[in-house]
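This report refers to the structure that appears directly beneath it.
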Amino acid sequence: MASDSSDDDVPLARTNGHASAPRISKADDRAMDKSMSKARPGPTGVSIRNGPVRSDDAMDMDSPAKGAPKRKPRSSLGQSVYYKDDSDSDEGAPMAKRQKARHQKVESDSDNEPIAKKKQNGKLPPSIKDTNLGDLSDDDDEPLGTKLAQKKASIEKAAAKEARAARASDAKAKKATSKKAIKEESDDEPLAKPKKRQSNGSAALAKKANGVKKASTKKEPESDSDAPIATKAKRAAPAAKGKAATAKKPAKFVKEESKENGEGEEDEEEFRWWDAPKKEDDSIKWTTLEHNGVIFPPPYERLPKSVKLYYDGKPVELEEEVEEVATFFGSMLHSTQNVENPTFQKNFFNDFKDVLKKTGGAKDRAGNKIEIKDFDKDFPKLDFTKIYEHYKTIGDAKKARPAAEKKAEKAARDLVEAPFLFCKWDGRKEKIGNPRVEPPGLFRGRGEHPKTGTVKKRVLPEQVTINIGKDAPVPAPPKGHKWKAVQHDNKATWLAMWQENVNGNYKYIMLAANSAVKGQADFKKFEKARELKKHIDRIRADYTKELRSEIMADRQRATAMYLIDEFALRAGNEKDTDNEAETVGCCSLKFEHVTLEDPDKVIFDFLGKDSIRFYNEFKVDRQVFKNLKMFKKAPKEEGDDIFDRLTTTQLNKHLSSYMTGLTAKVFRTYNASWTMSSLLQELKIDQNIPVAEKIKLYNDCNRKVAILCNHKRTVGAGHEAQMEKLGDRIKGMKYQKWRTKMMILDVDSKQKKRKGAEYFELDSDLDEEWILQHQQFLVEELRTKITKKFEKDNEKREADGEKPFPEKELAERLKAAKELEAKYKKENKTKKVEAEGKGPTVEKLEGQAEKLDERIRNLELQSADREGNKEVALGTSKINYIDPRLTVVFAAKAKVPIEKFFSKTLRDKFKWAIESVGDDESWEF
DNA sequence: GTTCGTACTTAGCATTGGCTGG
DNA sequence: CCAGCCAATGCTAAGTACGAAC
C-alpha cells in the first residue's frame, strides 16, 4: 500500500496524531479495493490492528487512574497544561478551557498507550429488536441501524423527489395555496434568512462591559467603574411587581388587566407573532427591555453547634466558609455515585483544603489546630455523617409539616420572587426561563469528567452582568453589592450573565421557551430544516460523488456528511481533552470508535454528548466503507482522528454554500422531522380505534425518531420490578375476566352454546399454577387489608377515648378472607364460578367482562409502551427535533386532542405551531 | 487558518406535584 | 382520603456555531 507519510508537510486540519495523505492517488484507491476484495469471514485484517474496539473489556482497563490526566501529550514542552491538581483550584491559575485539544504535533508516538478508553456511562442502545418497535420494517433480524437505515433509504428517495418538486414549484414563485401566511412564505422570508449573528451587537460596548476572560480566573478587578449607566436617574422601581415601570411603555400591547375574559386570565394580551409581519432585521432582538435582575440563592446558614464534621474521630471547628463547603459534600452522601468516585473525592478534597487553609485551618474544641491531611474514605478520617444526618433530619421534618404550612411558605416565597419571574420585552410581559443564579455546590460533570467534585463557588453580584434597555431602570443589586457591569446590547437575548468558576463557562438568564423570541427562533429552526428539503437531493448527490474525490479533505468531508446525514451524528466539535469528559461527534471520531467488518459493516462505539454511549452496527455504502478503511489506515492508531483533515468549521462552511444557514445541526432537525413526518403519514389511522391506541402509534413513531437521535435514559432501578407488577396486574385482570365469564355460565348455562366455548377459555398466559398463586395472593391481600383497617379503626377509637375492639373482632372480620379462600377452592374443584353481586344477569356480567377487557388492553398498551421506553427518552426529540406542526396536524387528523401529545408547557412553547396550523390538516413538513 | 469569546440550543437526571386507585 | 407513582417540570451540563482576534 502506498506508504503515506504520517507527517505531511501540508497543513492539516488537525494533527494530533498520524495524518492521512492530502491526496489520494488512483493507486491508493485501487489498493484499497484490493484489500477489500479479499474479504475474509472475520473482521477485516485491515486497520484493526488492536482488535476491535468494542467496548467492554477495553473499557475496563483503564480503571481509576483517576486524577491523572488521561493523556498528555507527553511530548512537548511544558507549555502544555500540566494539570497539576493543586494548581487548578487556585484562584490565579489559568482556567482550564484554554488549551483546547492540543494542536501541536505529538511526535514520537512510540508512545505506547492509546488514549485511555472511556469508562462510560455506557448505556447500551436498545437494539431495535428489544425495543418493541412494532413493525419498523419487514425483516426482523437486522440490527437496529440497518433497519432504520433501510427505512431511511426509502424515505430519502421520497425526499429527493420532494426536493425536486419543491424547487420546481418554487421556481414558479408563488404557489399560494390559500394557506395562512406564515407557512407559505416562510421559505424565502426574512425570518428564514441568514442567521448570521451580527457581531456582538453593540459589540464594543458589550465587550467592554463584560470583559470576562474565559481564561482568567482573575480576581475581578476592574469592575467597571465605566459602566456608564448604572447611575440611572430613576432607581425607582425594581421592587414593584411585574408591571413595574409602567411609566413610558408603548402600552400598546400592555393592556393592563382590564377587560380580560373571565377570571384567572393573565393581564396581557398575547402577542401572536406568528400572525404578525416578519421583522426586517432579526439580529435586533428588542428595542426596550425591562427586568428586575436575578434571584440569588439564600445565604448559607451555619450548622447548629451540635453538628460537626469529624476528623479522626474528633469534632472539628470550621470557619463559615469551609463549613459550607463541607456541607456540600455532607449533604450528598446518599449519592454514592458521586461521593464514592475517586475523582470526585480528590477534586473536592483539594478544594476543601484550599478553603480550609484560606480560612485559617481547622481547630478542635479547645482551639488547637488540627491538620486535615487525608480524606481517606475507607477509614473515614473525614467523617461527614453527622452533617448528612442533620440535613436529612431537617429535610424530613420539612416534608412532614402540615400541608397548610408548606403552602403558606410557598406562597410567601412566590410573593418575594414574583417580580423576577417576568420581564418586559418590547413592552410585552414575557416569562423568564430560570431567573435564579445557580447556587453553590459541588460540580457534577457527566460521565468521566475530570473536574467532577470541584467546588462551584457562590456567585456574587459583582460577577453578574446585567443586560437591559437603555431607558429601563437598572435593578438594584443586593444591599452592599454592585453588578459587575450593566450593558444594553439589544442583539443579545439574555438578561443577566455570569461566568462559572469550575470550567469558566457562561451562564445566562434568558426568557422561557414560551416567549416570543424563543418561539421565533424555534420556528426559524424548523423552517430552516424544511428549507433543506429543497436541497437535499443535490447535497446527497454531491457528497456521494465526492466520496471518491482525490482530495483527501474533500473525501473526508463527503464521508462525514454521509454519516451525519445517514446516522444523525452530531457535528463533533473539538474538545478540551484535559478538562472535559472525552466525548466525540462525527468530526472528532477517533480510530477506536469505528470498527469495520467486511464487506460493508461499520460498528460505531463511542461516547457522545453527555457521555451517552452510541453503539450501532450499520451497513454502509461501499465507498464509505472503503473510505473509512482508508482513513484508518496505518500508521493511524488508537487516539488518532479519523477525519484528520476536517473540522466542523470547514464542514459547516461547505454546507452553507448550499444554503444559507445550513450547518451540521440542521441535518439532525431535518432528518428527525422528516422521518417523523414519513412515519406518521404511513399510519393509516383507523378512526375507530381507541384514542389510547392512536397515542401509542404516535409514540411508536416518536420512539423511532428518538432512537435515530440516540436519545437515551437510564433504566430506572425499579424498572424490572415495575414491569413485573404491571404484568401481574394484567394477568390478575385476565383472571377476573375469566371468572366473570364463568359467572355467566352460572347464570345461564345455555350461553356456552350461544357464545361458543372459546369465549370461556382461559387466557393463554394464565396457567393453573399461576392461578393458585394468584388466589393465594388475593386472599393474603384481603387479609392484610382487613388487618390494617382494624388497626386503624382501633387507633381512632383510642384517640376518641373509646376502648379498642377486642381481638375477637379482628378474627371475625378475617373470616371474610377465609371465605374467599374457600370460595376459590371450591371453584378450583368444581370448575365453576358462582355469580357474584346482586341480581347478576347475563347482560350485566357481559358488560363487566367487556370493561375488564378494555382495561386489559389499555394496560397492555401501557406496558408495551413502557417497555419500549425503558431506555429511550422520547421527550428530547419531541421538544427539540420534531416539528411541532407535525404533531398538531396528526392530532387533528386522528381526532386526538393535542393535550394527549403536548403537556401544558409544551403547548405553551408550541403555541405558534398549534395556532398557525390550526385544524388545517394539509400542512406538511 | 486557529483560537478565543460568546450566545444560544440540546440533554439527561433530580425533584415536584397532581392524579389514581386502593 | 391518602400514599405511592409517574408525568411534568426544574436544573444545569454539554453541546453547536460563529464572529473577532490573532
Side-chain angles (χ1 to χ4, degrees), chain A residues 11-14 97-101 103 121 123 194-201 203 206-207 210-215 285 335 337 399 403 406 410 433-434 436 438-439 441 443-447 449 451-452 456 467 489 491-494 497 499-500 502-508 510-513 517-518 521-522 525 570-576 580-581 583-585 587 608-612 647-653 655-656 661 663-666 668-669 709-714 716 718 722 725 729 781 785 788-789 862 866 873-877 879-881 902-906:
Chain A
L12 298 176
R14 283 178 287 160
K97 211 66 195 192
R98 213 163 326 238
Q99 20 57 248
K100 274 281 215 222
H103 282 230
N121 236 345
K123 319 192 166 173
K195 124 189 215 171
K196 296 291 110 144
R197 196 190 313 215
Q198 244 62 325
S199 82
N200 268 357
K207 264 296 142 45
N210 46 343
V212 203
K213 291 278 138 27
K214 176 123 187 175
K285 303 298 184 5
S335 175
Q337 180 82 183
K399 242 185 266 164
K406 282 193 268 188
K410 183 165 184 330
N434 176 5
R436 265 166 264 272
E438 291 172 17
F443 173 76
R444 290 139 104 148
R446 318 257 170 94
H449 195 116
K451 296 221 175 178
T452 190
K456 183 164 112 174
N467 192 40
D489 181 359
K491 296 191 172 167
T493 69
W494 51 270
M497 182 232 31
Q499 215 172 354
E500 149 270 331
V502 177
N503 297 293
N505 291 331
Y506 297 92
K507 301 290 188 152
Y508 300 90
M510 293 186 182
L511 294 200
V517 242
K518 293 286 188 188
D522 216 28
K525 173 183 78 184
R570 296 190 181 82
N573 282 329
E574 206 50 73
K575 289 188 75 183
D576 168 359
E580 297 178 282
T583 61
V584 299
C587 294
K609 180 175 177 179
D610 292 319
S611 290
I612 296 297
T647 63
T648 52
T649 310
Q650 291 165 347
L651 175 66
N652 283 336
K653 190 164 166 235
L655 290 176
S656 69
T663 63
K665 173 178 182 288
V666 178
R668 258 169 92 80
T669 313
C709 296
N710 203 42
H711 291 144
K712 301 203 209 160
R713 57 193 213 142
T714 39
Q722 282 169 7
K725 212 165 130 192
R729 244 174 86 197
E781 193 184 45
K785 214 166 121 190
K788 272 230 176 88
K789 171 92 165 54
Q862 202 184 314
R866 169 124 31 119
L874 302 195
T876 307
S877 51
I879 294 168
N880 300 301
Y881 289 103
F902 290 156
S903 68
K904 175 75 172 74
T905 26
L906 273 193

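Protein chains get the first letters and strands the later ones, always in sequence-line order, with residue 1 at the start of each. Fair warning: this is a prediction, and the values are worked out from it, not measured in the lab.
No salt bridge links A/Lys456 with A/Glu500; every basic N to acidic carboxylate O contact stays at or beyond 4.0 Å.
Across the interface with DNA chain B, nearest-nucleotide mapping of A/His711 and A/Arg729 shows A/His711 to be the residue nearer the 5′ end. Looking at which nucleotide of DNA chain B each of A/Ser877 and A/Ala492 is closest to, the 5′-most match is held by A/Ala492. Heavy-atom distances to DNA chain C give each of A/Thr649 and A/Phe902 a nearest nucleotide, and the one nearer the 5′ end belongs to A/Phe902.
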Handout entry: Check against side-chain hydrogen bond (donor to acceptor under 3.5 Å, both in side chains), A/Thr669 and A/Lys525
Key = CA-CA 8 Å; A/Thr669 313; A/Lys525 173 183 78 184; 5.6 Å; no

Practice task
Please lay out, stage by stage, how A/Arg570 and A/Arg668 fare under the test side-chain contact (heavy atoms from CB on, under 4.5 Å).
Solution key: CA-CA 8 Å; A/Arg570 296 190 181 82; A/Arg668 258 169 92 80; 3.3 Å; yes

Handout entry: Derivation and outcome, side-chain contact (heavy atoms from CB on, under 4.5 Å), residues A/Leu651 and A/Cys587
Key = CA-CA 9 Å; A/Leu651 175 66; A/Cys587 294; 3.9 Å; yes

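Contact annotation: A/Tyr881 does not reach the phosphate of B/dT9 (side-chain N/O to OP1 or OP2, under 4.0 Å). In this structure, A/Thr714 reaches the B/dC13 phosphate: one of its side-chain N or O atoms is under 4.0 Å from OP1 or OP2. For B/dG18, neither phosphate oxygen OP1 nor OP2 lies less than 4.0 angstrom from any side-chain nitrogen or oxygen of A/Lys904.
Across all strands shown, A/Thr493 has heavy atoms under 4.0 Å from sugar-phosphate atoms exclusively, and none from any base. If you check every strand for non-hydrogen atoms under 4.0 Å, A/Lys410 touches sugar and phosphate atoms only.
Put simply, OG on A/Ser335 and CZ on A/Arg444 are 5.0 Å apart, with the number rounded to the nearest 0.5 Å. Taking NZ from A/Lys665 and OH from A/Tyr881, the interatomic distance works out to 7.0 Å, rounded to the nearest 0.5 Å. Here the OH atom belonging to A/Tyr508 is positioned 9.0 Å from the OG1 atom belonging to A/Thr493, to the nearest 0.5 angstrom.
Atom-to-atom, CG of A/Asn710 to C1' of B/dG12 comes out at 12 Å; the value is rounded to the nearest Å. To the nearest angstrom, P of C/dG10 lies 18 Å from CE of A/Met510. Counting to the nearest Å, the P atom of B/dT9 and the CG atom of A/Asp522 are 8 Å from each other. Distance NZ (A/Lys518) to C1' (B/dT9): 7 Å, rounded to an integer number of Å. Between A/Lys406 atom NZ and B/dT15 atom P the separation is 16 Å, expressed in whole Å. What separates NZ of A/Lys491 from P of B/dC8 is a distance of 12 Å, to the nearest Å.
A/Lys451 has its side chain within reach of A/Asn503: a pair of non-hydrogen atoms, C-beta onward, lies under 4.5 Å apart.
Of all nucleotides listed (B/dG12, B/dT9, B/dC13), B/dC13 comes nearest to the side chain of A/Arg713.
When the shell of 6.0 Å around NZ of A/Lys653 is examined, it contains 12 or fewer heavy atoms from other residues, nucleotides or ligands.
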Handout entry: Protein-to-nucleotide contact annotation, 5' to 3' order, nucleotides 11-16 of chain C [B base; S sugar-phosphate only; - none; under 4.0 Å, heavy atom]
Key = SBSBSB

N/O-N/O pairs, protein side and nucleotides 1-7 of chain C side, under 3.5 Å:
{"unit_1": "C/dC5", "atom_1": "OP1", "unit_2": "A/Lys725", "atom_2": "NZ", "d": "3.4"}
{"unit_1": "C/dC6", "atom_1": "OP1", "unit_2": "A/Arg866", "atom_2": "NH1", "d": "3.4"}
{"unit_1": "C/dC6", "atom_1": "OP1", "unit_2": "A/Arg866", "atom_2": "NH2", "d": "3.2"}
{"unit_1": "C/dC6", "atom_1": "OP2", "unit_2": "A/Gln722", "atom_2": "NE2", "d": "3.3"}

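A/Glu781 is linked by a side chain to side chain donor-acceptor pair (under 3.5 Å) to nothing, counting only residues two or more places apart in sequence or in another chain.
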